[in-house]
Amino acid sequence: MEFFVKSGSSDKQKAGCLILGIFDSRKLSPQAQLVDELTDGYLSGILRSGDMEGKLGQTLLLHSIPNSNCDRILLVGCGKEREFNVANYQKVSKKIIKILHETGTTDALNCLTMLNVKGQDLYWKIRFAIEAANDALYSFDQLKSKKSETRKPLRKVTYLIDSRADLPQSELAINHAEAISKGQSFTKDLANLPGNICHPSYLAEQATKLAEDYAAMSVDVLDESELKEMGAGAFVSVSQGSAQPGKMIAMEYMGGEKDAKPLVFVGKGITFDTGGISLKPGAGMDEMKYDMGGAASVFGLMKSIAEMDLPINVIGFVAAAENMPASNASRPGDIVTTLSGQTVEILNTDAEGRLVLCDALTYIEKYDPEIVIDIATLTGAVIIALGHHATGLMSNNNPLAHEIENASDMTQDRVWRLPIWDDYHSQLKSNFADFSNLGGRPAGSITAGCFLAKFTKKYRWAHLDIAGTAWRSGAQKGATGRPVPLLSQIVLNRVSKAS
Ligand code: BES
Ligand code: MN
Ligand code: ZN
């Protein structure tokens with residue numbers, strides 16, 4: 001799909017399909033008004049006949065419109081004009097693309113970018129529209145023997161803008177949106193792949209490919225034997241039970257000044273989580289292929305940054321392993337020494353994410369990071385706390401937390417902060433090691449965050465628990481590609497602050 005912008009007036013256009021907004025109740029948007037005049041009241045006649053109220057998400061496809069150079073007009077309900085906010089705009093943008101894709105339209109001209117969206121400028125309206133469109137069009141059929149193909153697919157969407165002076169910000173919005181969408185699709189692909197295909201070595205190959213594709217990117221892979229030798233005992237305790245060798249994968253993007261401190265993103269990459277000896281129940285276990293969603297989001301972020309060619313240094317770091325039950329797997333009660341030297345009693349082998357992450361978080365000290373953000377499908381408890389809407393945010397640094405909250409507001413890729421106060425640390429007490437990897441049922445996401453906090457004292461750090469937001473279950477089962485929009489925005493904001 002290709003996206004363009006064009007300045008002009010809605011009544012002077014030629015297109016396969018012209019998209020016009022209608023507000024609740026039966027109110028023509030200014031662009032629809034112009035077309036109504038051109039077509040001698042054809043649109044207002046339709047509204048009067050009661051076919052279109054303008055309720056949010058309602059659509060009506062019209063053909064053979066008198067006096068119009070457009071083959072079709074798609075009327076789109078935008079809800080109450082005063083309530084037309086980002087969330088509604090995104091909903092409508094997704095809906096439009098799905099409808100168009102099922103018609104014979106190959107090129108569409110969208111006038112909704114001309115509507116007022118509460119608090120948003122043109123750059124954002126175009127970015128949101130394109131990201132929402134690509135999100136809605138995504139499909140994963142690479143493993144089906146017959147691919148579903150649309151007969152005459154939509155190829156081109158043009159957004160109408162008021163004046164040529166707005167072209168530069170519009171072009172920038174298109175570039176950014178396409179780069180972020182590419183990253184997000186990459187994340188979805190990796191996450192949707194099953195554990196028998198997407199194992200740690202597969203992830204390492206993907207990183208190598210990224211380094212081939214982008215000059216500013218290079219890759220370093222640490223294998224399990226090196227990690228064992230180095231003293232990453234927590235990581236190895238998880239990986240050792242699998243026939244698939246674990247890997248730590250560093251993707252180094254050096255787009256900035258040579259000596260500028262990098263932003264470091266660390267992803268949990270459990271390519272399948274059985275729970276290990278503390279085996280998970282069978283129902284729904286297939287979804288634990290998504291336990292590398294954090295790693296997948298780091299891959300997507302690196303792709304989006306490289307596509308935007310951003311002048312900044314970013315390290316994407318992935319701790320990739322498979323958590324299996326086996327005769328050589330860790331047992332509950334085992335005590336291991338982490339790369340930091342701290343010892344951990346493994347009370348539950350299913351709390352493996354924090355074990356692979358803690359060694360990764362120690363290892364990345366070598367980059368002398370500006371900030372560190374880890375992304376992990378870490379706890380089922382975060383779903384109990386926040387549901388599937390918000391990612392859990394924990395941090396040892398208020399400005400960094402605010403920076404993330406700000407990017408989350410901008411992208412609507414939502415986060416909500418949870419505390420990691422000292423009070424909670426007592427839940428990790430162990431009689432036999434420095435602490436355990438299990439905090440019990442109360443505040444399960446927070447005690448997981450507290451565990452990680454014991455390894456991140458040397459830098460500004462935030463943790464994103466994406467267990468509730470990385471994928472959808474049920475009939476719509478599939479990766480969401482979150483939080484790639486959030487992470488990309490954090491980096492973009494850093495870049496624009498510097499320039
Ligand atoms: N990968 C899971 C977390 C998870 C569970 C994500 C369900 C999404 C849905 C993680 O490794 C895990 O098993 N966590 C345990 C921790 C517990 C043993 C302290 C959990 O959440 O039950
Ligand atoms: Mn687990
Ligand atoms: Zn896990």
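Counting convention: from 1, in listed order, for ligands and their atoms alike.
Contact record, Glu287 with Ser473: OE1-OG, 2.9 Å, taken as the closest heavy-atom pair. Across all their heavy atoms, Pro332 and Leu347 have their closest contact at CB-O, 3.7 Å. What you find for Pro483 and Asp413 is that their closest heavy atoms are CA-OD2, 3.1 Å.
At the top of the distance list for atom 2 (C) of ligand 1, counting protein heavy atoms only, stands Asp273 OD2, 3.6 Å. The protein atom (non-hydrogen) at minimum distance from atom 1 (N) of ligand 1 is Asp291 OD1, 2.8 Å.
For the Zn ion (ligand 3), the set of protein N/O/S atoms nearer than 2.8 Å consists of Lys268 NZ, Asp273 OD2, Asp291 OD2, Glu352 OE2, ordered by chain and number. Excluding waters, the set of protein N, O or S atoms lying under 2.8 Å from the Mn ion (ligand 2) comprises Asp273 OD2, Asp350 O, Asp350 OD1, Glu352 OE1.
Counting heavy atoms from C-beta outward, Cys198 and Met292 have side chains that approach closer than 4.5 Å. When side chains are defined from C-beta on, Phe235 does not count as touching Leu339, because their heavy atoms never get closer than 4.5 Å.
Of the residues Leu355, Val238, Val356, Ile277, the one that meets the side chain to side chain contact (heavy atoms under 4.5 Å, CB included) test with Asn323 is Val238. With Asp135 as the fixed residue, the salt bridge (Lys or Arg N to Asp or Glu O under 4.0 Å) test singles out one of Lys95, Lys182, Lys188, Lys98: Lys188.
Both the backbone and the side chain of Asp350 come within 4.0 Å of ligand 1, counting heavy atoms alone. Residue contacts with ligand 1 for Leu378 involve N, CA, C or O but no side-chain atom from C-beta outward (heavy atoms, distance under 4.0 Å). Only the side chain of Trp471 comes within 4.0 Å of ligand 1, counting heavy atoms alone; its backbone N, CA, C and O stay farther away.
A cation-pi arrangement is present between Lys303 and Phe186, with the terminal nitrogen or guanidinium carbon under 6.0 Å from the aromatic centre and inside a 45° cone about the axis. Geometric assessment of Lys454 against the ring of Phe435 yields a positive cation-pi assignment under the 6.0 Å and 45° thresholds.
A salt bridge links Arg127 with Glu131: the closest approach of a Lys/Arg side-chain nitrogen to an acidic carboxylate oxygen falls below 4.0 angstrom. We find that Lys268 and Glu352 are joined by a salt bridge, their nearest charged nitrogen and carboxylate oxygen being less than 4.0 Å apart. Between Asp141 and Lys144 no salt bridge is recorded (no basic side-chain N to carboxylate O distance below 4.0 Å).
At a 3.5 angstrom cut-off on N or O pairs, Asn348 does not count as close to ligand 1. Checking only distances, Glu352 does come within under 3.5 Å of ligand 1, N or O to N or O. The shortest N or O to N or O distance between Thr379 and ligand 1 is not under 3.5 Å.
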Atom pairs and distances, side-chain donor-acceptor, residues 377-395, under 3.5 Å, sequence neighbours left out:
from	atom 1	to	atom 2	distance (Å)
Thr377	OG1	Asp291	O	3.3
Thr377	OG1	Asp291	OD1	2.4
Thr379	OG1	Val382	N	3.3
Thr379	OG1	Ser445	OG	2.8
Thr379	OG1	Asp465	OD2	2.7
His388	ND1	Gly468	O	2.8
Thr391	OG1	Thr469	OG1	2.8
Ser395	OG	Asn397	N	3.0
Ser395	OG	Asn397	O	3.1
Ser395	OG	Trp461	O	2.8

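Below 4.0 Å from some heavy atom of Leu438 lie the following atoms of ligand 1, by number and element: 19 (C). Annotation for ligand 1: atoms under 4.0 Å from non-hydrogen atoms of Thr377 are 1 (N), 2 (C), 3 (C). When each atom of ligand 1 is checked for a heavy atom of Ala467 under 4.0 Å away, the hits are 6 (C), 8 (C). The contact set between ligand 1 and Arg354, taken as ligand atoms under 4.0 Å from a residue heavy atom, comprises 16 (C), 19 (C).
Note on ring orientation: taking the six-membered ring where Trp is involved, the planes of Phe3 and Tyr159 are parallel (angle under 30°, cut-offs 30° and 60°). Phe451 and Phe455 have tilted rings, their planes meeting at an angle from 30° to 60° on a 0 to 90° scale.
For atom 22 (O) of ligand 1, the nearest protein heavy atom lies 4.0 Å away or farther.
The closest donor-acceptor contact from the side chain of Gln240 to the backbone of Asn328 lies under 3.5 Å.
Nearest to atom 9 (C) of ligand 1 by heavy-atom distance, out of Met288, Met285, Met292, is Met288. With distances taken over non-hydrogen atoms, the option nearest atom 5 (C) of ligand 1 out of Gly276, Gly380, Gly293 is Gly380.
For Asn348, the side-chain contact (heavy atoms from CB on, under 4.5 Å) partners at least two apart in sequence or on another chain are Ser278, Asp350, Leu438.
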Verdict with reasoning, Asn437 to Glu345, per side-chain contact (heavy atoms from CB on, under 4.5 Å): CA-CA 6 Å; Asn437 73 334; Glu345 182 183 16; over 6 Å; no
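At least one heavy atom of Lys268 sits less than 4.0 Å from an atom of ligand 1. Under a 4.0 angstrom heavy-atom cut-off, Arg441 registers as lying outside contact with ligand 1.
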